[in-house]
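Comments concern the structure below.
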Amino acid sequence: MNVLKKDVTRVASLCGVSLLALALDVASPVYAQSSLPPVTVDAPQAQRRATTTAVTRSSSRTVRANRAARRPANSPAQAATSPIVNVERAGGPINGYVASRSASSTKTDTPIIETPQSISVVSREQIRDQGGQTLGEVLNYVPGVSVQATSFTRVSDNVAIRGFDVSSGNGGLLRDGLKLTSGVYDSTTEPFGLERVEVVKGASSILFGQLGPGGFVNAISKKPTENPFGEVNVSVGDYQRKEISADVGGKLADDGSLLYRFTGLVRKSDTPTNYIPDDKVYVAPSVTWRPDANTSLNVYGYYQETKTRFPTPLPAIGTILPTSVGTIPRQNFLGEPNFDRFETKAGAVGYQFEHSFNNAVKIRQNLRLYDAVTDWDYLLLNSIGANGRTASRNVSSRVEHGNGFAVDTSAEFKFVAGPTAHTVIAGVDYYRSVLNSNRYGGTASTVDIFNPVYGTPVTVNRNVNNGSNSLSNQVGIYVQDQIKVYDKFVLLLGGRKDFSDVETRSFRTGVFSSQQDEAWTGRAGAVYLFDNGVAPYASFSQSFAPVLGVDRLGSTFNPTRGEQYEVGVRYQPVGTRMLFSVAAFEITQQNVLTPDPIDFTYSVQSGEAKSRGIELEAKAEFGALSVVSAYTYTDARTTRTNDPTLLNQRLISVPYNTVSLWGLYDFGALGWHGFKFGGGVRAIGETNLPGAAFDVPAYAVVDLVASYDLKYLARELNGFHARLNVKNLFNNGYTVCVGATGCRYGDPQTVLATVSYRW
């Protein structure tokens, strides 16, 4: 453990040195960004290329344009065959790793440096270089985010931000700015279908309604592009992994009024756990119609099939601590191969419409229909016998059908009043979610956790359905004003009124319950834009989320309420592709359920949780080197509860310290044209198991990547690229736990080789 702590300290020091070195590397004058630049979006690049990046400051009075330094014309990065992004726009492609704009926090195209709230953006290129296969892996290098082990993120996008879970049913997992799934296990997000992933941290109900206080994740899909491009990828790896994927796009009409894109993936693979596959089919077509320069309609859809098995949660004693006969082997499957299954079929169709009446008025509408069916049978470890190796098992057989309808309609107005320039957005959104969950129990034989033998029958009792049907309706009305004063001082003010209606019927008892809630939430923030590129900010924001059920007296619960105070500083030097961020925050969640002191079988809402912390993030591209660095300190704990075993205990699976560093170097600068090499380290501190006399141990994981443009081997190979990703290079064993009986092993060393053809 002392060795690991020393490693974590060294990594933290390295991150600090890298941040200092990057800051000292900048010697040119700096100008801050502002909102509302004209934008042009071309097709995404298949390989990072240096471009002239326009960084603009605009208001009714002043426009300053600053250009990033160009690479030499003979740089190997200039040889990419795909079109490029001339100017970044919110939600669009990003050159390299460093995003400068986002709409996730404001619903308007806003420079990140002008947003008084923490935002981390993972670009498509970073996803590819790091080999992200699940949403959890995509977020591994994002500060403030905790994820489950990869074995679990294959079945559910389980994410916590600043200590609070955001992955509950219709909670904080968004797709293209709209809520998506109805249940936790409806489906997972396929990273290959994404242009970028944006994490907005802290209470954010102002624009999206029901959310936890930690924030939300907005996965942004790939969209049609004007310039033609394409790529086909073939991958092979450990555990019989075979995968083929394709991404093509371009014009359907010569005048550019009709564009298309098609993204698809087919995978067949085993996993480090015996009898658990990782098979997937994903297809996502989309078409954009632009009848004129002021109107755009993007119609899209996707379909996804997943076949795997649920990784049985394991006890802490048997994984973290050995039993009397040792620890449970990482590869052991403790279900029944002829019974266990986890199969989902999910799909969505929708559109994104935008029309500008003039330079001052714009309307938008986002609409999507979603449907998912999950067939899910699994055996769950119950208890381990006195011999330390024989475990009883419970049976769960589930069929869940979830569907959702989401629509968001808004109008944006820009106007000038004296020294102030305003961008006002007002809108109404509606989200309807239905989840029909059939759940059955049964009986199964015991299993030897060290030497499982399969083939014994499993009995399911389908006479008792422990599931339910739930219907949720949410309507929200919101307004927000972004105010710029003298092109220096930015104010962000907003408010929202939500109306929530939830109806639930138990299949076993037939009991029907209905709950209506209303809530006001707001946000206020301010940013000052110094001429040297420094932008300090402060903000206050709120969240709310309904709580289902009744108390001992039969009264429904009030929504949980969250409040966040945040202060921070960003630094964005001119002439470089760099963005540095430091943020300090405090989040308080009230109306948390805690046992009723009169009858512990019921709950009351006198509980409270609080999270305080500091986050540092640096993203930079200078010369041939790209760097992503982050550090997080989080103290998240239960501050009020009627359960003495939880009082002042840290929240589950939230470490005090996490640190990460990723770098990629293009050796073309040294004459080795076409070759890139890089890697990263992620160090996760100890996490708490409330009520236990021990913590979940800290761990560190090293990842590597190497890629080569094969045209430098032979002219006939122009367009071909090879990439090798190695995760957990040193095969470190580690465990992620969400409870004393909810532990899962992290993946061992895995290798994935990919050959791509791009045009």
CD-OG distance between Gln564 and Ser204, expressed to the nearest 0.5 angstrom: 7.0 Å

Distance-only polar pair, side chains of Glu617 and Ser629, donor-acceptor under 3.5 Å: no

Expected output: side-chain Asp747 to main-chain Thr750 donor-acceptor under 3.5 Å: no

Expected output: side-chain Thr308 to main-chain Pro277 donor-acceptor under 3.5 Å: yes

Rounded distance [0.5 Å steps], CD1 in Ile220 versus OG in Ser123: 12.0 Å

Side chains of Asp643 and Thr645, donor plus acceptor under 3.5 Å: yes

Test: Asp278 and Arg154 ion pair at under 4.0 Å: yes

Polar side-chain atom of Arg723 near backbone of Thr754 as donor-acceptor pair, under 3.5 Å: no

Minimum heavy-atom distance Asn332-Asn451, with the two atoms named: ND2-N, 4.3 Å

Glu190 bridged to Lys280 by N-O distance under 4.0 Å: yes

Separation of Tyr97 OH from Asp129 CG (nearest 0.5 Å): 3.5 Å

Donor-acceptor pair, side chain of Thr594 and main chain of Arg640, under 3.5 angstrom: no

Quiz item: cation-pi between Arg650 and Tyr656, 6.0 Å / 45°: yes

From Gln133 atom CD to Ile127 atom CD1, the distance as rounded to the nearest 0.5 Å: 11.0 Å

Closest approach of Gly202 to Ile587 (non-hydrogen atoms, all atoms of both residues): CA-CD1, 4.3 Å

Arg682 NZ/CZ over Tyr699 ring centroid, <6.0 Å and within 45° of normal: no

Pair Phe342 + Tyr378: ring centers closer than 6.0 Å: no

Closest heavy-atom pair and its distance - Thr735, Cys743: CG2-CB, 3.7 Å

Flag if over 12 foreign heavy atoms under 6.0 Å of CD, Gln331: yes

Side chain Ser541, main chain Ala203, donor-acceptor under 3.5 Å: yes

Side chain to side chain, Phe164 and Gln589, heavy atoms closer than 4.5 Å: yes

Side chain Arg398, main chain Thr374, donor-acceptor under 3.5 Å: no

Nearest-0.5 Å distance that lies between atom OH in Tyr282 and atom OG1 in Thr189: 9.0 Å

Under 3.5 Å donor-acceptor, Ser611 side chain and Arg162 backbone: yes

Pairwise side-chain contact, Leu381 with Val447, heavy-atom cut-off 4.5 Å (strictly under): yes

Which atom of Ser205 lies closest to which atom of Phe544, heavy atoms considered: OG-N, 3.1 Å

Polar side-chain atom of Asp448 near backbone of Pro452 as donor-acceptor pair, under 3.5 Å: no

Close side-chain approach of Leu664 and Val628, heavy atoms under 4.5 Å: no

Test item: Lys179 side-chain N/O and Gln210 main-chain N/O as donor-acceptor pair under 3.5 Å: yes

Flag side-chain contact, heavy atom, 4.5 Å: Val217 against Glu198: no

From CG (Leu647) to CG (Asn642), nearest 0.5 Å: 9.5 Å

Any Lys610 side-chain heavy atom under 4.5 Å of Arg612 side chain: yes

Salt bridge Glu243-Lys268, side-chain N to carboxylate O under 4.0 Å: no

N/O donor-acceptor pair under 3.5 Å between Asp176 side chain and Ser221 backbone: yes

Leu314 and Leu334, any side-chain heavy atoms less than 4.5 Å apart: yes

More than 12 heavy atoms of other groups within 6.0 Å of Leu174 CG: yes

Heavy-atom check, side chain of Tyr275 versus side chain of Thr273, under 4.5 Å: no

Salt-bridge present (Lys201, Glu566; N to O < 4.0 Å): no

Any side-chain donor near an acceptor of the partner, Gln649 and Asn688, under 3.5 Å: yes

Close side-chain approach of Val159 and Leu139, heavy atoms under 4.5 Å: yes

